[in-house]
Amino acid sequence: MKELKDFPISQFQDALLSWFERNMRDLPWRKDRDPYKIWVSEIMLQQTQVDTVIPYFNRFMERFPSLEALAEAPEDDVLKHWEGLGYYSRARNLQTAVKEVQEQYGGKVPDEPNEIAKLKGVGPYTAGAILSIAYGKPEPAVDGNVMRVFSRIFAIQEDIQKPKTRKLFEELIRGLIPENSTSYFNQGIMELGALICRPKSPQCMFCPVIEMCQGRSLGIEQELPVKQKKKKPKLKKMVAGVVLANNMVFIRQRPETGLLAKLYEFPNLEWEADAELEISKYLYQTYDFQTETSARYEHVQHTFSHLIWDITVLELNLVGEVELVEGQLPVRLERQPFLTNAEAGFWVTLEELDRYAFPVSHQKIKKQLLEK
DNA sequence: CATGCGTGGCA
DNA sequence: TTGCCAAGCAT
């Protein structure tokens with residue numbers, strides 16, 4: 001590793017560890033070394049800021065205090081506790097992996113790299129984080145913080161978006177990590193990235209390792225790390241129907257793969273020419289509903305990382321001869337052979353709506369319905 | 001390897 | 001307002 005030639009390794013370790021011990025934040029998942037808690041926190045923290053995670057983590061631990069509790073919980077319950085946090089496959093993969101640990105490892109989170117890496121949702125970063133933080137193993141845990149900090153310290157100009165670059169940093173860290181302080185070393189780098197070596201306007205005057213930073217001495221710390229620019233999200237015109245009958249509303253669960261998988265939503269589709277006509281036609285063809293528009297809600301605009309939904313929201317009343325039985329569909333599904341399970345829905349009372357996990361976009365629709 | 005996958009905060 | 005960013009992973 002050419003970067004480490006002439007680099008004062010032990011001086012760097014000492015300065016970093018000393019700084020971390022003096023400046024580490026008091027976070028809920030730092031109260032003990034329970035591998036289960038470390039694991040949950042690391043999954044929640046993927047692409048998500050600490051301040052956002054804290055309340056979710058606390059509620060999650062209250063409801064699923066142990067690995068066993070999470071393994072036994074209904075999936076809908078897990079998703080409900082993830083509602084609003086985003087990247088929902090994290091929650092489902094976590095539970096899948098927790099069940100695996102319960103069954104294959106007797107409920108003990110594995111402490112071997114090749115075992116833990118097999119678990120759903122546990123990639124190179126998370127594996128390294130759990131192994132080092134919970135078990136003290138000398139494994140690198142390379143996330144965005146770590147790549148930013150070390151790309152500055154060693155003035156590395158590789159694009160950190162590329163998978164190959166992560167491996168470069170892993171090898172670098174294997175030569176830097178102190179055998180007896182792996183947990184604090186890895187956390188210290190991330191903490192330094194979060195508090196001092198930030199993406200914009202890094203606080204170099206407070207940095208414990210400023211003398212060892214090549215990026216700083218070259219005056220290019222602001223230009224690092226090198227990163228590809230993101231594409232613009234693409235606009236999609238959606239129309240959603242809030243279908244009402246007898247004080248109940250019709251919702252459905254999204255398909256088990258893809259965007260917002262397994263979350264609940266109001267029936268909707270992408271429209272081309274006439275939102276109102278197309279949603280009513282869709283509701284008739286898919287669910288045998290005959291409807292008339294009863295209100296227009298405000299448009300809901302929602303931006304994802306890769307696309308934008310502009311949702312026209314219509315409230316529709318069921319008309320015609322409909323026999324409504326609580327908890328049952330007012331249509332006979334057996335007469336709809338083309339109706340996929342994904343599109344199948346059900347009626348709920350307005351009070352029951354809160355039991356289901358909605359993506360934020362449909363929470364906005366729900367809010368308008370309840371405030372009406 | 002490139003792309004899909006959420007959301008909220010910030011300048 | 002818009003773009004960027006945050007403790008990544010699955011496919």
Side-chain angles (χ1 to χ4, degrees), chain A residues 20 24-25 27-30 37-57 79 82-94 96-97 116-130 132-134 140-149 159-167 169-170 183 186-195 197-202 222 225 227-236 254-263 265 301-309 357-364:
Chain A
F20 182 62
M24 65 186 291
R25 289 170 289 181
L27 302 173
W29 46 89
R30 284 182 176 162
K37 291 184 196 169
I38 305 291
W39 184 5
V40 172
S41 74
E42 291 301 341
I43 300 297
M44 286 188 170
L45 285 162
Q46 289 170 7
Q47 301 295 99
T48 311
Q49 314 218 56
V50 166
D51 289 342
T52 305
V53 167
I54 290 173
Y56 280 91
F57 178 83
L79 282 175
W82 213 272
E83 184 183 50
L85 196 54
Y87 288 143
Y88 299 96
S89 66
R90 291 183 295 175
R92 293 181 295 104
N93 289 342
L94 173 62
T96 300
I116 199 165
K118 286 182 199 158
L119 299 171
K120 262 278 190 285
V122 178
Y125 164 74
T126 306
I130 296 172
S132 62
I133 297 172
V142 178
D143 70 339
N145 281 312
V146 173
M147 289 197 279
R148 183 173 61 257
V149 169
D159 182 349
I160 64 168
Q161 306 281 41
K162 303 212 179 283
K164 195 177 165 188
T165 307
R166 197 204 70 245
K167 294 184 178 233
F169 284 105
E170 282 175 354
S183 169
N186 280 344
Q187 291 190 73
I189 296 293
M190 290 189 275
E191 199 83 334
L192 189 66
L195 300 181
C197 197
R198 303 184 309 206
K200 292 174 186 171
S201 54
Q222 304 264 20
K227 210 172 172 181
Q228 228 175 342
K229 283 186 182 169
K230 284 186 185 171
K231 297 177 202 167
K232 275 191 180 174
K234 209 178 167 194
L235 182 69
K236 274 198 176 190
R254 292 179 59 87
E256 57 187 62
T257 57
L259 183 66
L260 307 169
K262 291 200 157 187
L263 270 67
E265 66 177 6
Q301 180 107 10
H302 190 78
T303 305
F304 300 86
S305 41
H306 55 304
L307 59 95
I308 304 172
W309 278 354
F358 288 86
V360 170
S361 50
H362 283 246
Q363 286 178 45
K364 293 173 186 169

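Every chain is numbered from 1, with letters handed out A, B, ... down the list of sequences. Remember, predicted model here, so these are calculated numbers, not experimental data.
- Straight-line distance from the CE atom of A:Met147 to the C1' atom of C:dG8: 9 Å, rounded to whole Å.
- In this structure, A:Val146 reaches neither bases nor backbone, as no heavy-atom distance under 4.0 Å exists between it and the strands shown.
- Note on A:Lys200: every side-chain N or O is 4.0 Å or more away from OP1 and OP2 of C:dC5.
- Mapping A:Lys232 and A:Val142 onto DNA chain C via the closest heavy atom, the residue that lands nearer the 5' end is A:Lys232.
- No donor-acceptor distance shorter than 3.5 angstrom exists from the side chain of A:Lys120 to the backbone of A:Arg92, with no hydrogens or angles considered.
- A:Phe57 is linked by a ring pair (Phe, Tyr, Trp, His ring centres under 6.0 Å) to A:Trp29, counting only residues two or more places apart in sequence or in another chain.
- Dashed line: the shortest gap from a side-chain N or O of A:Thr52 to OP1 or OP2 of C:dA6 is not under 4.0 Å.
- Judged by distance alone, the side chain of A:Arg30 and the main-chain N or O of A:Arg25 form a donor-acceptor pair under 3.5 Å.
- Residue A:Leu27 is classed as a base contact, given a heavy-atom separation below 4.0 Å to a base.
- Comparing atom distances between the A:Tyr87 side chain and each of B:dA2, B:dT7, B:dC5 picks out B:dC5 as nearest.
- Across all strands shown, A:Lys120 has heavy atoms under 4.0 Å from sugar-phosphate atoms exclusively, and none from any base.
- Nucleic acid contact class of A:Ile43 (heavy atoms, under 4.0 Å, all strands): none.
- Put simply, A:Gln49 has no side-chain N or O that comes within less than 4.0 Å of OP1 or OP2 on B:dG9.
- Atoms CG and NZ, on A:Leu79 and A:Lys262 in that order, are 8.0 Å from each other to the nearest 0.5 Å.
- Judged by atom type and distance alone, A:Ser305 does not reach the base of B:dG4 through any side-chain donor-acceptor pair under 3.5 Å.
- At whole-Å resolution of the value, CD in A:Gln228 and P in B:dC1 are 12 Å apart.
- With A:Arg166 contributing its side chain and A:Val142 its backbone, the two residues share no donor-acceptor pair below 3.5 Å.
- Separating the CG atom of A:Leu85 from the C1' atom of B:dG9 is a distance of 14 Å, rounded to the nearest angstrom.
- Spacing between atom CD1 of A:Ile130 and atom P of C:dG8 amounts to 14 Å, rounded to whole angstrom units.
- Taking side-chain N and O atoms only, A:His306 has no distance below 4.0 Å to OP1 or OP2 of B:dG4.
- Heavy atoms of A:Gly193 sit nowhere under 4.0 angstrom from any nucleic acid atom.
- Residue A:Arg148 places at least one side-chain N or O closer than 4.0 Å to OP1 or OP2 of C:dA6.
- Put simply, NE2 on A:His362 is 15 Å from C1' on B:dT7, counting in whole angstrom units.
- At B:dT7, one or more side-chain N or O atoms of A:Tyr88 fall inside 4.0 Å of OP1 or OP2 (strictly under the cut-off).
- Atom CD in A:Glu256 sits roughly 16 Å away from atom C1' in B:dC5 (whole-Å rounding).
- Going from the P atom of B:dG8 to that of C:dC9 covers 22 Å, rounded to whole Å.
- Distance alone, capped at 3.5 Å, is enough to place a donor-acceptor pair between the A:Arg90 side chain and the A:Met44 backbone.
- Taking every side-chain heavy atom of A:Lys230 into account, C:dA6 is the closest of B:dC5, C:dA6, B:dC1.
- In this structure, of B:dC1, C:dC9, C:dC5, it is C:dC9 that holds the atom nearest to the side chain of A:Gln46.
- For the residue pair A:Gln46 / A:Tyr125, no side-chain donor-acceptor distance below 3.5 Å is found, with atom types taken as modelled.
- Counting to the nearest Å, the C1' atom of C:dA10 and the CZ atom of A:Arg92 are 11 Å from each other.
- If you check every strand for non-hydrogen atoms under 4.0 Å, A:Lys234 touches nothing.
- Checked by distance alone, A:Thr126 brings no side-chain donor or acceptor within 3.5 Å of a matching partner on the base of C:dG8.
- Contact between the side-chain N/O atoms of A:Lys167 and the OP1/OP2 oxygens of B:dC1 is not found at any separation under 4.0 Å.
- Phosphate contact (OP1/OP2 of C:dG3, side-chain N/O of A:Lys231, threshold under 4.0 Å): absent.
- Computed from coordinates, the A:Glu83 CD to B:dT7 P distance equals 10 Å when rounded to whole Å.
- The side chain of A:Leu259 has B:dC5 as its nearest neighbour among C:dG3, B:dC5, C:dA6.
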